[in-house]
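For reference, the structure I am asking about is given below.
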Amino acid sequence: MSYEDTIVALATPSGTGAIAVIRISGKNAISIGDKVFKSVKNKKLAKQKTHTIHLGHIVDGEKALDEALVSVFKGPNSYTGEDVVEISCHGSPYIQQQIIQLLLRNGCRSAKAGEFTLRAFLNAKMDLSQAEAVADLIASDSAASHEIALNQMRGGFSTEIGRLREELLNFASLIELELDFSQEDVEFADREQFNALLNQISTLLKKLIDSFALGNVLKHGIPVAIVGEPNVGKSTLLNALLNEERAIVSNIAGTTRDTVEDQISIKGVNFRFIDTAGIRKTQDVVEQIGIERTFSKIEQAKLIIFLFDSPDFDRQELENIRKQYPSKRLLVICNKMDQLNQAQIDKLKGDISEVLFISAKNGTGIDDLQENLFDLVDQGTVSGDETIVSNSRHYDALLKSLEEIQKVKEGIEMGVSGDLLAIDIRQALFHLGEITGSVTTDDLLGNIFSNFCIGK
């Protein structure tokens, strides 16, 4: 694959639509555009200003294929940093294919997955973390995941990492300079000041690392396991939350024998609800498998809804879940509140201070439940310009960077020589550089951009 080629791809989803956009990028994009486009004003694209749109026809010799609008973006002021031409044609799949085949015959080659954004990275239009954010932005399906991706694409994360690297690089240069004057036994880098910087960098790295737990679930949706005894209304609750008949509901205990999953957005945050098999002792082999999967899903969940429907529920099961999963957030809910009297409700409130009361069948209390679910997720760091790490590659690089910084701190405390400190500093800089693309390999780029859609 040569980055000198002029590439073409459909930039809009395949299939029938009102319009389709075909994107061309490369040094010959405009000259190839001139071969196939005839402006209504009979003007060549090469002579037009950048960022202009022109009406005309896409032609194959004397044959008109379609009436289209053609946009011209001249490098370096384009998405890829190269000359870019975008053809907005009618959305017939036949027309799309005819135009793309025409462009291939006139000197383009088909773009690979993510190749337009890869060229933007190679031409320094964005760094690697911003390029990855483009894919996250396209895939975002909630306000929270959109916010995180947009902040990263605008360079919020890159700015943080760039500042860290610059400060660390300045001290690294002084350490390297000391090596050149090792005979004189001088120190150019103040060790106390350097140690203070390392503490500051460690604090910021830990903050970014800690944010991954939130960023990852906001990006992929927060898994919520609905658990409880059979027939307490778990499937009815799932249907009420989704506002559709997603799970089978009956008065026969053990109806749900496998997990049922679906998701909704609550105030811009995706929650992935998992209806599980009722927890009880059973001789039914199939039901027992379902119960085992229930505990497997609890392991994967970020939040647990423990549902019961009677003051006489098995409280030991609730305590078992509390003890077995102490780090998971738990919401205790009493269903079928319409079947309880006030004395029973007051007693349950006294016994379980955090209990919520709902009627999944009637829809009572569902709005309050959604509010509580949203409140259980720490939203403070999602708003504003706070950087949230949601990419597992970045998370891994941050962990490795922090490990090297800790080695440098230990080295200073032990009074090790500058040449040994320099090795660990270089490694920390290397891992930070991996995030933004200051340090890359072909394998890394191939792995990242292969996950993009073709037209991006």
Rounded distance (nearest 0.5 Å) linking atom CG of Leu208 with atom OG1 of Thr203: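 With rounding to 0.5 Å, CG (Leu208) is 11.0 Å from OG1 (Thr203).
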Side-chain (Asn451) to main-chain (Asn447) donor-acceptor, under 3.5 angstrom: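 Flag set: sc Asn451 to bb Asn447 pair under 3.5 Å.
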Verdict with reasoning, Ile209 to Leu402, per side chain to side chain contact (heavy atoms under 4.5 Å, CB included): CA-CA 9 Å; Ile209 288 167; Leu402 180 60; 3.8 Å; yes
Backbone N/O of Pro76 and side chain of Lys125: donor-acceptor pair under 3.5 Å: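 Here the side-chain-to-backbone pair exists.
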Rounded distance [0.5 Å steps], CG in Leu444 versus CD1 in Ile448: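 Reported value, rounded in 0.5 Å steps: 4.0 Å.
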Could you list the donor-acceptor pairs under 3.5 angstrom formed by side chains in residues 127-137, with sequence neighbours left out?
unit_1 : atom_1 : unit_2 : atom_2 : d
Asp127 : OD1    : Ser129 : N      : 3.1
Asp127 : OD1    : Ser129 : OG     : 2.9
Asp127 : OD1    : Gln130 : N      : 2.9
Asp127 : OD1    : Ser158 : OG     : 3.1
Asp127 : OD2    : Ser158 : OG     : 2.4
Ser129 : OG     : Ser158 : OG     : 2.8
Gln130 : OE1    : Asp127 : N      : 2.9
Gln130 : NE2    : Met153 : O      : 3.0
Glu132 : OE1    : Arg393 : NH2    : 2.8
Glu132 : OE1    : His394 : NE2    : 2.7
Glu132 : OE2    : Asn391 : ND2    : 3.3
Glu132 : OE2    : Arg393 : NE     : 3.0
Asp136 : OD1    : Lys219 : NZ     : 3.2

Test: Glu434 and Lys400 ion pair at under 4.0 Å: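 Judged by the 4.0 Å cut-off on N to carboxylate O distance, Glu434 and Lys400 do not form a salt bridge.
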Leu69 CG: over 12 foreign heavy atoms closer than 6.0 Å: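 Yes, the 6.0 Å shell around CG holds more than 12 heavy atoms from other groups.
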Steps toward salt bridge (Lys or Arg N to Asp or Glu O under 4.0 Å) verdict (Glu410, Lys407): CA-CA 5 Å; Glu410 290 170 7; Lys407 288 180 182 178; over 6 Å; no
Distance-only polar pair, side chains of Asn335 and Lys234, donor-acceptor under 3.5 Å: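 No.
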Distance, nearest 0.5 Å, that separates CD1 of Ile435 from CZ of Arg165: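 It comes to 9.5 Å.
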Neighbour count above 12 (heavy atom, 6.0 Å) for Arg322 CZ: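 Yes, CZ of Arg322 has more than 12 neighbouring heavy atoms, counting only those of other groups under 6.0 Å.
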Heavy-atom closest contact (Ile358 atom, Gly365 atom, distance):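 Shortest heavy-atom separation between Ile358 and Gly365 comes out as CG2-O, 3.6 Å.
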Nearest heavy-atom neighbours spanning Gly15 and Gln96: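 Closest approach of Gly15 to Gln96, heavy atoms only: O-NE2, 3.1 Å.
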Ile305 and its side chain to side chain contact (heavy atoms under 4.5 Å, CB included) partner, picked from Val227, Asn372, Leu373: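 Result for side chain to side chain contact (heavy atoms under 4.5 Å, CB included) with Ile305: Leu373.
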Spacing of CZ belonging to Phe212 relative to CG belonging to Leu399, to within rounding of 0.5 Å: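 Here the rounded value is 9.0 Å.
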Side chains of Ile412 and Leu198 in contact at under 4.5 Å (non-hydrogen atoms):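 Contact flag for Ile412/Leu198 side chains = yes.
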Considering all heavy atoms, the nearest Thr6-Asn28 contact: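 Heavy atoms of Thr6 and Asn28 come nearest at OG1-N, 3.1 Å.
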Distance-minimising heavy-atom pair for Ser265 and Asn270: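 Closest pair (atom of Ser265, atom of Asn270, distance): CB-OD1, 3.5 Å.
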Sub-4.5 Å side-chain heavy-atom contact between Ile423 and Arg426: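 Answer yes - side chains close enough.
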Side chains of Arg109 and Glu115 in contact at under 4.5 Å (non-hydrogen atoms):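 The answer is yes, as the side chains (C-beta and beyond) meet within the 4.5 Å cut-off.
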Donor-acceptor contact present, side-chain Thr50 to main-chain Lys74, <3.5 Å: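 Yes: the side chain of Thr50 pairs with the backbone of Lys74.
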Side chain to side chain contact (heavy atoms under 4.5 Å, CB included) assessment of Ile22 paired with Cys89: CA-CA 8 Å; Ile22 297 168; Cys89 61; 4.1 Å; yes
Reported CG-to-CD1 distance for the pair Leu241 and Ile264, which is rounded to 0.5 angstrom: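 So the CG of Leu241 and the CD1 of Ile264 are separated by 5.5 Å.
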Side-chain heavy-atom pair Lys302, Lys328 within 4.5 angstrom cut-off: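 No; the side chains remain at least 4.5 Å from each other.
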Extract all donor-acceptor atom pairs below 3.5 Å that involve side chains of residues 58-67 and protein atoms in other chains or at least two apart in sequence.
unit_1 : atom_1 : unit_2 : atom_2 : d
Asp60  : OD2    : Arg105 : NH2    : 3.0
Asp66  : OD1    : His90  : ND1    : 2.8
Asp66  : OD2    : His90  : N      : 2.9
Asp66  : OD2    : His90  : ND1    : 3.3

Side chain to side chain, Phe194 and Ile425, heavy atoms closer than 4.5 Å: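 Contact flag for Phe194/Ile425 side chains = yes.
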Note, Leu331 side chain near Leu356 side chain (heavy atom, < 4.5 Å):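 The answer is yes, as the side chains (C-beta and beyond) meet within the 4.5 Å cut-off.
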Any side-chain heavy-atom pair of Arg272 and Ile222 under 4.5 Å: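 A side-chain contact under 4.5 Å is absent here.
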His57-Phe37 aromatic ring centre distance below 6.0 Å: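 No.
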Heavy-atom donor-acceptor pair, Asp396 side chain to Ser392 backbone, under 3.5 Å: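 No; zero donor-acceptor contacts below 3.5 Å.
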Taking every non-hydrogen atom, the tightest pair across Ile266 and Phe374: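 Distance-wise, the nearest heavy atoms are O-CD1, 3.6 Å.
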Parallel, tilted or perpendicular: ring planes of Phe273 versus Phe271, cut at 30 and 60 degrees: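 Rings of Phe273 and Phe271: parallel, under 30°.
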Nearest atoms (heavy-atom pairs only) where Thr12 meets Ala20: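 Residues Thr12 and Ala20, closest heavy atoms: OG1-CA, 3.4 Å.
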Verdict with reasoning, Phe116 to Lys456, per side chain to side chain contact (heavy atoms under 4.5 Å, CB included): CA-CA 5 Å; Phe116 292 98; Lys456 199 64 180 176; 5.8 Å; no
Heavy-atom side-chain proximity of Thr52 to Ser71 below 4.5 angstrom: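 Of all side-chain heavy-atom pairs linking Ser71 with Thr52, none is under 4.5 Å.
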Can you give the donor-acceptor pairs under 3.5 Å from side chains of residues 78-86 to other protein atoms, not counting sequence neighbours?
unit_1 : atom_1 : unit_2 : atom_2 : d
Ser78  : OG     : Gly81  : N      : 3.0
Ser78  : OG     : Glu82  : N      : 3.2
Ser78  : OG     : Glu82  : O      : 2.5
Tyr79  : OH     : Thr117 : OG1    : 2.8
Thr80  : OG1    : Ser25  : OG     : 2.8
Thr80  : OG1    : Glu82  : N      : 3.1
Glu82  : OE1    : Ser25  : OG     : 2.6
Glu82  : OE1    : Gly26  : N      : 3.4
Glu82  : OE1    : Arg119 : NH1    : 3.1
Glu82  : OE2    : Arg119 : NH1    : 3.3
Asp83  : OD1    : Gly75  : N      : 2.9
Glu86  : OE2    : Arg23  : NE     : 2.9
Glu86  : OE2    : Arg23  : NH2    : 3.2

Check against side chain to side chain contact (heavy atoms under 4.5 Å, CB included), Leu103 and Ile32: CA-CA 7 Å; Leu103 292 167; Ile32 291 173; 3.9 Å; yes
Any donor-acceptor pair under 3.5 Å from Gln370 side chain to Ile366 backbone: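 Judged by distance alone, no pair lies under 3.5 Å.
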Exceeds 12 heavy-atom contacts within 6.0 angstrom, atom CD of Glu166: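 Result for CD/Glu166: open.
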Atom pair CG (Asp424) and CZ (Phe430), whose distance is rounded to the nearest 0.5 Å: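 Rounded to the nearest 0.5 Å, the CG-CZ separation comes to 14.5 Å.
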